[in-house]
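Inspection log for the structure reproduced underneath, given as structure tokens.
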Amino acid sequence: MKNQITDEVIPRKQLPIENLTMVTEFLLLGFSDLQEMQFVLFAVILCLYLLILSGNITIITTVRLEHSLHTPMYFFLAVLSFSETCYTFTILPKMLLNLLSVLRTISFISCATQMFFFLGFAINNSLLLGLMGYDRFAAICYPLRYPVLMSWGICKLMAATCGVTGFVISLVGIFLVFSLPFCNSNRINHYFCDVAPVIHLACGDFSINEVIIFIFGVVVLMAPLTLICISYGFIVRTILRIPSTEGKKKAFSTCASHLTVVVVHYGCASFVYLRPSSKYTFSKDRLVTVTYTVITPLLNPLVYSLRNKDVQIAIRKVINWRGLSPKNI
């Protein structure tokens with residue numbers, strides 16, 4: 001801030017507290033530059049959100065009711081579907097409301113809460129995808145030891161660890177962002193409270209906080225992705241040793257759905273988060289952000305429903321109420 005008499009720049013820390021106007025709420029700009037398409041966007045995103053909910057709930061219900069799917073692979077799929085459902089719930093309802101609202105404000109506490117759950121479930125999803133890659137590695141490379149390596153106790157412990165780790169890291173991220181003072185603009189150039197657009201509204205020097213968050217992002221994305229790459233390296237080597245062509249196709253078919261979700265998830269997330277937030281521009285990255293917040297959660301149930309015959313058969317059984325018989329429950 002400048003002294004009005006001498007035009008001298010005065011550091012923020014030397015200013016009296018009463019001269020600083022602290023931000024108490026934020027304005028989510030979202031798609032405000034597309035005013036004429038607000039209702040069209042609302043209809044499209046609402047339809048996609050309903051598909052996400054119905055698809056993931058179908059996966060969860062089918063895995064829960066159909067005993068043939070009571071395996072570690074489908075257990076992790078059900079947990080991922082639940083996490084994806086919660087993940088979209090933290091973003092899309094507010095986004096839909098803002099598309100129909102003139103006043104797109106969100107309180108300081110609500111913004112921090114939204115970011116906390118968004119990051120927590122997003123990190124959990126990444127870690128779960130890494131575990132699903134390890135599960136395929138254990139099933140294909142060590143089939144005889146698979147019941148021991150992936151016992152139900154170990155699977156539940158792994159899933160719980162992913163959730164706890166995700167929200168602990170999210171809590172650290174929230175502290176690094178919202179421990180900063182916000183006394184400048186309150187206009188968030190995004191449709192939800194993401195890290196990059198929010199931290200750039202902070203007063204003072206936030207470079208150290210930004211570097212720490214970036215390091216966490218690299219670890220969170222690259223650690224499970226590295227595990228997946230190593231797992232599939234061993235998987236490919238094992239599949240190539242299978243003598244029959246039919247055996248190779250069957251082994252690879254169990255991995256195809258997971259690989260499709262991994263490519264889209266890590267591709268979009270890496271493009272947005274594995275670079276300095278100074279390079280972030282909402283106008284250019286809008287398609288990518290919509291992809292990892294809307295399309296990716298929709299992709300999970302669609303891919304596993306369309307490409308996996310076991311899931312298709314189980315869904316038909318549940319729809320026909322055979323999965324709801326007292327004997328099966």
Of L69, T71, V79, which is the lone residue that meets side chain to side chain contact (heavy atoms under 4.5 Å, CB included) with V63?
L69

Does any non-hydrogen side-chain atom of R104 lie less than 4.5 Å from one of Y191?
no

Connected via hydrophobic side-chain network under 4.5 Å: I215 and V172:
no

Test your reading of the model: is there a side-chain donor-acceptor pair from N124 to the backbone of G120, 3.5 Å cut-off?
no

CD1/I106 to CD/E25 distance, rounded to the nearest 0.5 angstrom?
10.0 Å

Rounded to the nearest 0.5 Å, what's the gap from CD1 on I199 to CD1 on I213? Could you check?
4.0 Å

The remaining residues in the hydrophobic cluster of F82, counting side-chain heavy-atom contacts under 4.5 Å among Ile, Leu, Val, Met, Phe, Trp and Tyr, are I60

Hphob cluster co-occupancy, M73 + L157, side-chain heavy atoms under 4.5 angstrom:
no

Are V263 and V294 connected in the hydrophobic side-chain network, where two residues link if heavy atoms are under 4.5 Å apart?
no

Is there a path of hydrophobic side-chain contacts, each under 4.5 Å between heavy atoms of I, L, V, M, F, W or Y residues, that connects I208 with L201?
yes

Between CD1 on residue I212 and CG on residue L176, distance to nearest 0.5 Å
5.5 Å

Between D194 and M115 the two heavy atoms that sit nearest each other are O-CE, 3.5 Å

Measure the spacing between SG of C162 and CZ of F121 and express it to the nearest 0.5 Å.
13.0 Å

Parallel, tilted or perpendicular for F178 and F26, by the 30°/60° rule?
perpendicular

Could you give the side-chain donor-acceptor pairs of residues 218-236 under 3.5 Å, partners two or more places apart or in another chain?
{"from": "T226", "atom 1": "OG1", "to": "M222", "atom 2": "O", "distance (Å)": "2.6"}
{"from": "S231", "atom 1": "OG", "to": "L227", "atom 2": "O", "distance (Å)": "2.8"}
{"from": "Y232", "atom 1": "OH", "to": "H258", "atom 2": "ND1", "distance (Å)": "2.8"}

CG/L298 to OG1/T293 distance, rounded to the nearest 0.5 angstrom?
11.5 Å

Other than V164, what residues sit in its cluster of Ile, Leu, Val, Met, Phe, Trp and Tyr side chains whose heavy atoms are under 4.5 Å apart, directly or through others?
V168

How does the hydrophobic cluster around L27 look, that is, which other residues are in it when side-chain heavy atoms under 4.5 Å mark a link?
L29

Residues F175 and S179: closest non-hydrogen pair is O-OG, 2.6 Å

Taking I59's backbone N and O only, do any of them form a donor-acceptor pair with Y74's side chain (distance below 3.5 Å, no angle check)?
no

Just list the side-chain donor-acceptor pairs under 3.5 Å for residues 86-97, sequence neighbours left out, or say none.
{"from": "Y87", "atom 1": "OH", "to": "Y292", "atom 2": "O", "distance (Å)": "2.8"}
{"from": "T88", "atom 1": "OG1", "to": "E84", "atom 2": "O", "distance (Å)": "3.2"}
{"from": "T88", "atom 1": "OG1", "to": "T85", "atom 2": "O", "distance (Å)": "2.9"}
{"from": "T90", "atom 1": "OG1", "to": "Y87", "atom 2": "O", "distance (Å)": "2.7"}
{"from": "K94", "atom 1": "NZ", "to": "T105", "atom 2": "O", "distance (Å)": "3.0"}

Find the distance between CZ (F118) and CD1 (I174) and round it off to the nearest 0.5 Å.
10.5 Å

Hydrophobic cluster identity match, V211 and F214, side-chain contacts under 4.5 Å
no

Shortest non-hydrogen separation from C193 to I188 and the atoms involved:
SG-CD1, 3.9 Å

Does V195 offer a backbone N or O that forms a donor-acceptor pair with the side chain of H200 under 3.5 Å?
no

Measuring only between side-chain heavy atoms, which start at C-beta, is V264 closer than 4.5 Å to I295?
no

With a 4.5 Å limit on heavy-atom distance, are the side chains of L77 and N300 in contact?
yes

Nearest heavy-atom approach of T260 to L299 is O-CD2, 4.2 Å

Minimum heavy-atom distance between F182 and V198, given as atom pair plus value
CE2-O, 3.2 Å

Decide yes or no on side-chain contact (heavy atoms from CB on, under 4.5 Å) for S126 and Y266, but give the supporting numbers first.
CA-CA 8 Å; S126 293; Y266 285 101; 3.9 Å; yes

Side-chain atoms of residues 128-153: list all donor-acceptor pairs with protein atoms under 3.5 Å, sequence neighbours left out, distances to 0.1 Å.
{"from": "D135", "atom 1": "OD1", "to": "Y146", "atom 2": "OH", "distance (Å)": "2.5"}
{"from": "S151", "atom 1": "OG", "to": "I154", "atom 2": "N", "distance (Å)": "3.4"}

Is it true that, when you exclude L50 itself, more than 12 heavy atoms of the residues, nucleotides or ligands shown sit nearer than 6.0 Å to its CG?
yes

Determine yes or no for a side-chain-to-main-chain donor-acceptor pair under 3.5 angstrom, with N209 supplying the side chain and V177 the backbone.
no

Which pair of heavy atoms, one from H190 and one from P197, lies closest together, and at what distance?
CD2-CG, 3.7 Å

